[in-house]
Undergrad: 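Structure provided below as structure tokens; questions to follow.
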Amino acid sequence: MSAQLTLSREDIVRLCERVEGAQTHAYSIRKLTDEYPQMSIADGYAVQLELLRRFKAKGHRLVGWKAGLTSRAKMRQMGVNVPSIGFLTDRMARPENSQIKTSDLVHPRVECEVAFVLKEELEGPNCTVADVLAATDYVLPAVEIIDSRFSGFKFDLPSVIADNGSSARFVGGGRARKVDDLDLRTLGVVMEKNGEIVGMGASAAVLGHPAEAVAMLVNILSELGERLPAGSFVMSGGITEAVAVKPGDSVIARFQELGSVSMRFIE
Ligand code: 0L1
Ligand code: MG
């Protein structure tokens, strides 16, 4: 971790309650560093892990993790220069072709990602692309619905990490494919909203190779004392910029070789 903890246990719990309230009741808050300007990335992860602990205590099941801010387009869009990770639970998963409610979200945005499902555990440090590919059962196309709880999507890295990397919902779909059958760097993606193309890119936009983002995620997890068990669902990061959605919008993400994922947003 790039910096040490500066927050006390009481501050971590207090900030976690603030983020949890905003996530649960869909309201926006100011970035946490407005009150704690010295907050470090390590502090952000301490708040995120406290949030995970509380969700698990309420019966939410951890199903995987996501890498975030892994493309130049996303980093530029959000004004940060280091990737991040966040956790995924069963409560965030939505089926393909489903209607996704927006009334329990603040200001949702969608992004296309390659998802990995593991057949073997992965543990850092020093996890590599080769380790990730060897441990992967299959990949599939996914759409992440992110929803920063910070007003106007304005935040910095410690704040967004504490907010679980803006994680909100995710949809996996299309065709599951073995990694040996694909060139994971060159997969083209087109995202359409209401029949219009709103984003396109190639999977190499994610740190040069989506498995690189998964290796990065495993190495961050190791610094947090965690690992990825077999069966984990891992999203490797948005290939293009995230696009805002509102009730009535239909989104379809078309992935070369992997098929498509679609959903509709309702009130
Ligand atoms: O998955 C992501 O890349 C989201 C990271 C958090 C930044 C954002 O809210 O866009
Ligand atoms: Mg994402």
Undergrad: Does the N219 side chain pair with the main chain of C127, one donor and one acceptor, at a distance under 3.5 Å?
TA: yes
Undergrad: Shared ILVMFWY cluster between I239 and V143, side chains joined below 4.5 angstrom?
TA: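 Cluster IDs for I239 and V143 differ.
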Undergrad: Are Y36 and D43 linked by a side-chain donor-acceptor pair shorter than 3.5 Å?
TA: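 Side chains of Y36 and D43: no pair found under 3.5 Å.
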Undergrad: Looking at CD1 of I161 and OH of Y45, how far apart are the two atoms once the value is rounded to the nearest 0.5 Å?
TA: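 Those atoms lie 4.0 Å apart.
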Undergrad: Starting at CG of N194, measure out to NZ of K246 and round the result to the nearest 0.5 Å.
TA: 6.5 Å
Undergrad: Among residues at least two apart in sequence or on other chains, which ones pass side-chain hydrogen bond (donor to acceptor under 3.5 Å, both in side chains) with S28?
TA: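 Result, side-chain hydrogen bond (donor to acceptor under 3.5 Å, both in side chains) vs S28: none returned.
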Undergrad: Identify whether M200 and V251 are in the same connected component of the hydrophobic contact network (ILVMFWY, side-chain heavy atoms under 4.5 Å).
TA: no
Undergrad: Looking only at non-hydrogen atoms, find the nearest pair between G199 and T240 and report the distance.
TA: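 Between these two residues, the closest heavy atoms are C-CG2, 4.2 Å.
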Undergrad: Kindly say whether G21 contributes a backbone atom to a donor-acceptor pair with the side chain of T24 at under 3.5 angstrom?
TA: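 A pair under 3.5 Å: no.
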Undergrad: Regarding S8 and D11, do their side chains bring together a donor and an acceptor under 3.5 Å, going by distance alone?
TA: yes
Undergrad: Got a second to check how far I12's CD1 is from L7's CG, nearest 0.5 Å?
TA: 5.5 Å
Undergrad: Using distance alone, with no hydrogens and no angle criterion, decide if S262 and N97 have a side-chain donor and acceptor under 3.5 Å apart.
TA: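 Yes, side-chain donor-acceptor contact under 3.5 Å.
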Undergrad: Within a reach of under 6.0 Å around NZ of K101, are more than 12 heavy atoms found that belong to other residues, nucleotides or ligands?
TA: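 Not buried by this count: 12 neighbours or fewer within 6.0 Å.
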Undergrad: Of the non-hydrogen atoms in P125 and S222, which two are nearest, and what is the gap between them?
TA: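 It is N-OG, 3.3 Å.
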Undergrad: Between R18 and E35, is the closest basic N to carboxylate O distance under 4.0 Å?
TA: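 Yes.
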Undergrad: Verify side-chain contact (heavy atoms from CB on, under 4.5 Å) between L182 and V139, making sure each step is shown before the conclusion.
TA: CA-CA 10 Å; L182 299 167; V139 292; 3.6 Å; yes
Undergrad: Please check this pair: side chain of S203 against backbone of L184, looking for a donor-acceptor N/O pair closer than 3.5 Å.
TA: yes
Undergrad: L122 vs L221, test: side-chain contact (heavy atoms from CB on, under 4.5 Å). Steps then yes/no.
TA: CA-CA 10 Å; L122 276 173; L221 277 180; over 6 Å; no
Undergrad: Okay, side chain of D183, backbone of R185: is any donor-acceptor separation there less than 3.5 Å?
TA: yes
Undergrad: Under 3.5 Å, side chain of Q48 to main-chain N/O of I85, donor-acceptor pair present?
TA: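 Indeed, once roles are kept as given, a pair shorter than 3.5 Å links the two residues.
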Undergrad: Around K119, counting heavy atoms of other residues, nucleotides and ligands shown, do more than 12 lie under 6.0 Å from its NZ?
TA: yes
Undergrad: State, yes or no, whether a side-chain contact exists between I197 and M191 at a heavy-atom distance under 4.5 Å.
TA: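 I197 vs M191: side chains apart.
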Undergrad: Within the 4.5 Å heavy-atom criterion, are M78 and F153 side-chain neighbours or not?
TA: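 Of all side-chain heavy-atom pairs linking F153 with M78, at least one is under 4.5 Å.
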Undergrad: Could you tell me whether the side chain of L118 reaches within less than 4.5 Å of the side chain of T136, counting heavy atoms only?
TA: yes
Undergrad: Distance-only, no hydrogens or angles: does the E144 side chain make a donor-acceptor pair with backbone N or O of F170 under 3.5 Å?
TA: no
Undergrad: Using modelled atom types and a 3.5 Å cut-off, is there a donor and acceptor pairing between side-chain atoms of D147 and backbone atoms of H107?
TA: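 Looks like yes, one N/O pair under 3.5 Å.
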Undergrad: With a 4.5 Å heavy-atom cut-off, do Y138 and V179 have their side chains touching?
TA: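 No, side chains not in contact.
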Undergrad: Measure from NZ or CZ of R91 to the centre of the six-membered ring of F55 and say whether it is under 6.0 Å with the direction within 45° of the ring axis.
TA: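 That pair does not qualify as a cation-pi contact.
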Undergrad: Should the pair E20-K58 be classified as a salt bridge under the 4.0 Å nitrogen-to-oxygen rule?
TA: yes
Undergrad: Heavy-atom count around E196 CD within 6.0 Å, excluding the residue itself: above 12?
TA: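 Counting other residues, nucleotides and ligands, CD of E196 stays at 12 neighbours or fewer.
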Undergrad: Show the numbers, then the answer: is there a side-chain contact (heavy atoms from CB on, under 4.5 Å) between V189 and Q256?
TA: CA-CA 6 Å; V189 180; Q256 187 186 2; over 6 Å; no
Undergrad: Would the distance check show the side chain of N164 and the main-chain N or O of S167 forming a donor-acceptor pair, the cut-off being under 3.5 Å?
TA: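 No, the answer is negative, given that no donor and acceptor are paired below the 3.5 Å cut-off.
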Undergrad: Sequence neighbours left out, what passes side-chain contact (heavy atoms from CB on, under 4.5 Å) with A213? Give chain and number order.
TA: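 side-chain contact (heavy atoms from CB on, under 4.5 Å) check on A213 returns A67, T70, V206, L207, S236.
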Undergrad: Do I41 and W65 share a hydrophobic cluster, counting only Ile, Leu, Val, Met, Phe, Trp and Tyr and linking them when any side-chain heavy atoms are less than 4.5 Å apart?
TA: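 The answer is yes; both residues are in one hydrophobic cluster.
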Undergrad: Show me the side-chain donor-acceptor pairs of residues 226-235 shorter than 3.5 Å, one per line, residues at least two apart or across chains.
TA:
unit_1: R227; atom_1: NH1; unit_2: E121; atom_2: OE1; d: 3.2
unit_1: S232; atom_1: OG; unit_2: P229; atom_2: O; d: 2.7

Undergrad: Between I100 and I266, is any pair of side-chain heavy atoms under 4.5 Å apart?
TA: no
Undergrad: Can you list the residues that meet the side-chain contact (heavy atoms from CB on, under 4.5 Å) rule with S260, with sequence neighbours excluded?
TA: I252, R254
Undergrad: Would you check if V243 and R109 make a side-chain contact, meaning some heavy-atom pair closer than 4.5 Å?
TA: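 A side-chain contact under 4.5 Å is absent here.
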Undergrad: Rounded to the nearest 0.5 Å, how far apart are CZ of R53 and CG of L62?
TA: 14.5 Å
Undergrad: Can you find a pair of side-chain heavy atoms, one from F87 and one from M92, that are under 4.5 Å apart?
TA: yes
Undergrad: Cluster question for you: counting only ILVMFWY and a side-chain heavy-atom cut-off of under 4.5 Å, with indirect links fine, are V190 and F255 together?
TA: no
Undergrad: With V13, which residues qualify under side-chain contact (heavy atoms from CB on, under 4.5 Å), at least two apart?
TA: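 Scan of V13 (side-chain contact (heavy atoms from CB on, under 4.5 Å), adjacent residues dropped) gives R9, E17, E50, R54.
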Undergrad: Can you give me the closest heavy-atom contact between Q4 and A42, atom names plus distance?
TA: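 Nearest pair, atom of Q4 first, then A42: C-CB, 4.0 Å.
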Undergrad: According to salt bridge (charged side-chain N to carboxylate O under 4.0 Å, His left out), does anything in residues 164-181 pair up with another residue at least two apart or in another chain? List the pairs.
TA: D104-R169, D137-K178, R177-E257
Undergrad: With a 4.5 Å cut-off on side-chain heavy atoms, are I146 and K66 touching?
TA: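 Touching, per the 4.5 Å side-chain cut-off.
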Undergrad: Check whether any side-chain N or O of H25 sits under 3.5 Å from a backbone N or O of Y27 as a donor-acceptor pair, and report yes or no.
TA: no
Undergrad: Would the distance check show the side chain of T89 and the main-chain N or O of H60 forming a donor-acceptor pair, the cut-off being under 3.5 Å?
TA: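 No.
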Undergrad: Are V114 and V261 co-members of a hydrophobic cluster defined by side-chain heavy atoms under 4.5 Å apart?
TA: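 Per the 4.5 Å side-chain linkage, V261 and V114 are not co-clustered.
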Undergrad: If you compare all heavy atoms of C112 against all heavy atoms of A253, which two are closest, and at what distance to 0.1 Å?
TA: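 Minimum heavy-atom separation between C112 and A253: SG-CB, 3.7 Å.
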Undergrad: Please determine whether side-chain contact (heavy atoms from CB on, under 4.5 Å) holds for the pair S166 and V160, giving the CA-CA distance in whole Å, both sets of side-chain angles, and the decisive distance to 0.1 Å.
TA: CA-CA 6 Å; S166 307; V160 73; 3.5 Å; yes
